[in-house]
Every structure is written in structure tokens, then in C-alpha cells.
Asks: 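Sharing a structure here in C-alpha cells format.
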Amino acid sequence: MEEKISVLIPEEKVDKRIAELGAQISKDYEGQSVHLICVLKGSIMFTCELAKRITIPVTFDFMSCSSYGADTKSSGVVRLVKDLDEPLEGKNVIIIEDIVDSGRTLSYLLEILGARKPATLKLCTLLDKPERRVKPVHVDYTGFEIPDEFVVGYGLDYDQKYRNLPYIGVVEL
């Protein structure tokens with residue numbers, strides 16, 4: 001069955017906000033470099049678009065965690081599916097996430113990555129649902145705060161579908 005998707009945040013608004021985030025990160029780390037950690041798969045589009053708008057030197061690494069599977073609700077169990085390829089010690093690290101929801105995944109990532117002794121460790125998310133938090137997580141750079149709806153597009157999926165939408169949409173189940 002095909003789900004109905006309604007637009008929550010149009011493409012133009014997403015693009016504008018990502019440019020603002022890139023400018024802020026560039027300013028905050030002026031004269032330095034940043035190491036972006038893209039949390040796969042959902043953050044890939046956001047990471048690429050954000051990196052294009054950061055004007056200081058950028059390096060990348062990728063990791064993958066899972067807590068959803070094929071459902072619309074988190075299972076509550078975070079699994080590390082793919083770890084980083086490079087050490088973080090001494091680097092200015094920014095974790096790039098598509099959405100911060102319960103906080104379980106990011107709380108876990110901040111703990112394990114913080115133990116790897118980066119110079120700085122910050123969190124940047126395209127979307128934030130602060131009312132859904134069960135684990136406290138400080139988000140340093142937020143694209144948009146959104147209501148408690150199941151969203152897709154711009155890398156976010158529903159059962160691996162809709163990642164390629166150029167806007168943020170709500171799945172009407």
C-alpha cells in the first residue's frame with residue numbers, strides 16, 4: 001500500500017536553514033577544521049548538503065546505528081552496525097544526525113565517541129523532537145524543531161522508502 005505524504009517543511013526552507021547552519025559552524029570553528037561523522041543512512045543527504053556550505057576544511061567518517069528496523073517507533077535498543085574508520089583523538093568532531101527523537105541513539109554515540117578523546121564533540125541535527133526525549137541530549141546545531149509526527153524525506157525513510165524526497169514530509173498512516 002502506498003502511504004500519503006504531506007509536506008511539513010518545503011525544500012526551499014530546508015536549503016536555507018542548512019546554509020545558515022553551515023555558516024554558523026564555519027564561524028564557530030574559524031581557523032580550524034571539523035571532522036563530520038555522518039550517522040548512516042538517514043543523515044547522508046543532510047551531511048553532504050551541510051558540508052558543501054561549510055567554508056573551513058572538512059573531513060568525513062561514517063557510522064551506522066539502528067534502533068528502528070521496519071517500524072515507525074524506536075525499539076529502544078541501539079545497535080552499532082558500522083563503526084568509524086579513523087581515530088577521533090584531537091579532532092573537532094561534529095556528529096551529523098537526521099533526527100533526534102528519544103535521544104537513546106545520540107546519548108549512546110556521545111558516550112562512546114567522547115571516550116575516544118576528540119578535542120571537541122558537538123551534535124548537529126536536521127530535525128529535533130525534544131518532547132519525545134527519554135534520554136537527555138544537548139543538541140548544538142538544530143535545523144528545525146518538529147512536532148511528534150513520523151517524517152520522511154531528505155534522507156529519512158519509512159521502511160527504506162522516501163529518502164529521496166527533497167523536502168520533509170509527514171507519513172499519514
Side-chain angles (χ1 to χ4, degrees), residues 3-9 13-14 17-18 20-21 24-25 28 34-50 60-84 88 91-163 165 167-173:
E3 295 78 20
K4 183 173 175 5
I5 310 294
S6 60
V7 176
L8 178 65
I9 307 170
K13 194 171 179 181
V14 174
R17 184 65 185 130
I18 292 173
E20 293 167 354
L21 290 170
Q24 185 62 54
I25 290 168
D28 290 352
V34 291
H35 186 70
L36 305 181
I37 295 178
C38 174
V39 182
L40 297 171
K41 297 175 187 172
S43 301
I44 189 69
M45 292 175 78
F46 176 44
T47 301
C48 291
E49 292 301 317
L50 179 64
F60 294 86
D61 207 342
F62 302 87
M63 66 187 324
S64 180
C65 297
S66 177
S67 66
Y68 278 86
D71 202 354
T72 62
K73 298 223 184 305
S74 173
S75 67
V77 177
V78 179
R79 285 186 317 115
L80 185 60
V81 179
K82 182 216 175 296
D83 203 347
L84 300 174
L88 299 180
K91 295 179 181 179
N92 292 315
V93 173
I94 303 176
I95 301 169
I96 310 297
E97 184 61 286
D98 53 358
I99 189 166
V100 180
D101 192 332
S102 69
R104 285 185 187 103
T105 300
L106 273 302
S107 175
Y108 172 76
L109 286 182
L110 287 164
E111 183 179 331
I112 66 167
L113 297 180
R116 297 180 188 186
K117 300 182 179 139
T120 61
L121 180 61
K122 294 197 175 183
L123 173 58
C124 177
T125 188
L126 180 59
L127 304 173
D128 191 3
K129 290 185 188 178
E131 70 205 46
R132 296 259 309 149
R133 288 292 189 286
V134 293
K135 291 263 189 175
V137 173
H138 173 73
V139 180
D140 300 282
Y141 303 101
T142 301
F144 302 94
E145 281 192 14
I146 62 168
D148 185 15
E149 308 232 36
F150 192 81
V151 291
V152 295
Y154 227 90
L156 292 106
D157 74 297
Y158 172 62
D159 199 20
Q160 297 299 326
K161 298 183 290 187
Y162 309 114
R163 289 188 194 278
L165 296 176
Y167 57 86
I168 304 299
V170 175
V171 177
E172 298 176 15
L173 299 171

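Bear in mind that the values here come from a model prediction, so they are computed numbers and not experimental data. Hydrogens, waters and symmetry mates are skipped; everything else that's a heavy atom, side chains included, is used.
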Asks: Of all the heavy-atom pairs spanning L80 and C65, show the shortest one and how long it is.
Replies: CD1-SG, 3.8 Å
Asks: Working to the nearest 0.5 Å, report the span between NZ of K122 and CG of L36.
Replies: 13.0 Å
Asks: With rounding to the nearest 0.5 Å, note down the distance linking CG in L123 to CD in E97.
Replies: 7.5 Å
Asks: So how far is it from L113 CG to Y108 OH, rounded to the nearest 0.5 Å?
Replies: 9.0 Å
Asks: Within a radius of less than 6.0 Å around NZ of K82, do more than 12 heavy atoms belonging to other residues, nucleotides or ligands occur?
Replies: yes
Asks: Please report the C-alpha distance between I5 and Y167 in whole Å, then the side-chain angles of each, then the deciding distance to 0.1 Å, and finally whether the side-chain contact (heavy atoms from CB on, under 4.5 Å) criterion is met.
Replies: CA-CA 11 Å; I5 310 294; Y167 57 86; 4.1 Å; yes
Asks: Is the number of heavy atoms from other residues, nucleotides or ligands under 6.0 Å of E131 CD greater than 12?
Replies: yes
Asks: Please name the pair of heavy atoms, one in V152 and one in F150, separated by the smallest distance, quoted to 0.1 Å.
Replies: CG1-CE2, 4.1 Å
Asks: Is it the case that atom NZ in K129 sees more than 12 heavy atoms from other parts of the structure closer than 6.0 Å?
Replies: yes
Asks: Going by the rule side chain to side chain donor-acceptor pair (under 3.5 Å), which residues pair with Q24 if we only count those two or more places apart in sequence or in a different chain?
Replies: D28
Asks: How long is the gap from CG on L50 to CZ on R17, to the nearest 0.5 Å?
Replies: 10.5 Å
Asks: For the atom pair CD1 (I99) and CG (D128), what is the distance rounded to the nearest 0.5 Å?
Replies: 8.0 Å
Asks: Could you tell me the separation between the CG atom of L21 and the CZ atom of F46, rounded to the nearest 0.5 Å?
Replies: 5.5 Å
Asks: Can you list everything that forms a side chain to side chain donor-acceptor pair (under 3.5 Å) with N92? Sequence neighbours excluded, please.
Replies: Q32, T120
Asks: Is there a side-chain contact between D98 and V39 (heavy atoms, below 4.5 Å)?
Replies: no
Asks: Given the rule in the side-chain contact (heavy atoms from CB on, under 4.5 Å) test, do L126 and I18 qualify, once you have shown the distances and angles that lead to the verdict?
Replies: CA-CA 8 Å; L126 180 59; I18 292 173; 4.3 Å; yes
Asks: Take V14 and E49 through the side-chain contact (heavy atoms from CB on, under 4.5 Å) test and state the conclusion after the steps.
Replies: CA-CA 10 Å; V14 174; E49 292 301 317; over 6 Å; no
Asks: For K13, enumerate each residue passing the side-chain contact (heavy atoms from CB on, under 4.5 Å) test, keeping only those at least two apart in sequence or located in another chain.
Replies: I9, P10, F144
Asks: Using modelled atom types and a 3.5 Å cut-off, is there a donor and acceptor pairing between side-chain atoms of R133 and backbone atoms of D101?
Replies: yes
Asks: Can you see which heavy atom on L156 is nearest to which on V151, and at what distance?
Replies: CB-O, 3.8 Å
Asks: List the atom of E172, the atom of S6, and the distance in Å for their closest heavy-atom pair.
Replies: OE2-OG, 2.9 Å
Asks: Would you sort out whether D61 and K91 count as a salt bridge (Lys or Arg N to Asp or Glu O under 4.0 Å), showing the intermediate values?
Replies: CA-CA 12 Å; D61 207 342; K91 295 179 181 179; over 6 Å; no
Asks: Where is the tightest heavy-atom contact between Y162 and E3, given as atom of each residue plus distance?
Replies: OH-OE1, 2.5 Å
Asks: Test side-chain contact (heavy atoms from CB on, under 4.5 Å) on L106 and T125; report intermediate values, then the result.
Replies: CA-CA 10 Å; L106 273 302; T125 188; over 6 Å; no
Asks: I need the single residue from S64, S43, C48 that forms a side chain to side chain contact (heavy atoms under 4.5 Å, CB included) with C38. Which is it?
Replies: S43
